[in-house]
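Some notes on the structure that comes next.
All of these numbers come straight from a predicted model, not from anything done at the bench.
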Amino acid sequence: MRASRHGIRPGWVLLGIFSVFMVPILLFFGIFVGGLDNEESCHLTHHQTYDPEYRMAHPEHAGRNIFPLSNKCNADYDMVPFWMNPAIVGFALLAVGAFIVPPLRNRLAHNQGGPE
């Protein structure tokens with residue numbers, strides 16, 4: 001793969017763009033994993049008992065936070081998959097790295113008299 005005149009390879013750009021799009025997509029699906037009616041979703045989709053007392057006592061697990069995502073039916077079952085939060089963080093870091101690391105690496109190589 002050839003580098004552009006700024007020293008960024010197209011693969012890094014595509015990886016960065018893909019990662020930038022994945023973060024809001026994962027957030028959207030994580031926020032709305034329970035649908036509009038959490039009680040119904042717990043019973044019908046996830047086959048779990050809905051515990052409104054637990055959700056009132058623990059608002060951080062009641063689907064009200066943007067991050068970390070959590071939407072629990074009861075104390076033992078979260079409707080948000082376990083991999084969702086690490087994936088969001090990973091894609092966010094990958095997006096930042098894809099657009100920051102190559103130009104910094106090229107600038108450091110240029111300042112040290114490395115190949116252009």
Please tell me whether [X] and [Y] are part of a single hydrophobic cluster in this structure, the criterion being side-chain heavy atoms less than 4.5 Å apart.
X	Y	value
Phe29	Phe18	yes
Ile100	Phe21	no
Ile25	Val80	yes
Val101	Leu15	no
Leu44	Val33	no

Taking only residues two or more places apart in sequence or in another chain, which ones pass side-chain hydrogen bond (donor to acceptor under 3.5 Å, both in side chains) with His46?
Tyr77

Ser70 and Glu60: CA distance, side-chain angles, deciding distance, side chain to side chain contact (heavy atoms under 4.5 Å, CB included) verdict:
CA-CA 7 Å; Ser70 180; Glu60 68 275 8; over 6 Å; no

Side-chain donor-acceptor distances from residues 84-94 under 3.5 Å, at least two apart:
from, atom 1, to, atom 2, distance (Å)
Asn85, OD1, Leu69, N, 2.8
Asn85, ND2, Leu69, O, 3.0

Kindly give the heavy-atom pair with the smallest separation between [X] and [Y], and that separation in Å.
X	Y	result
Leu26	Trp83	CD2-CZ3, 4.0 Å
Ala62	Arg55	O-NH2, 3.2 Å
Tyr50	Cys42	CD1-SG, 3.8 Å
Pro24	Val20	CD-O, 3.0 Å

Give, for atom NE2 of His61 and atom CG of Asp51, the distance between the pair rounded to the nearest 0.5 Å.
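One gets 12.5 Å once the value is rounded to the nearest 0.5 Å.
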
Might you work through the side chain to side chain contact (heavy atoms under 4.5 Å, CB included) test for Phe67 and Ile31, ending with a clear yes or no?
CA-CA 9 Å; Phe67 192 81; Ile31 290 169; over 6 Å; no

Please collect all side-chain hydrogen bond (donor to acceptor under 3.5 Å, both in side chains) contacts where either partner lies in residues 25-43, sequence neighbours excluded, each pair once.
Asn38-Asn71

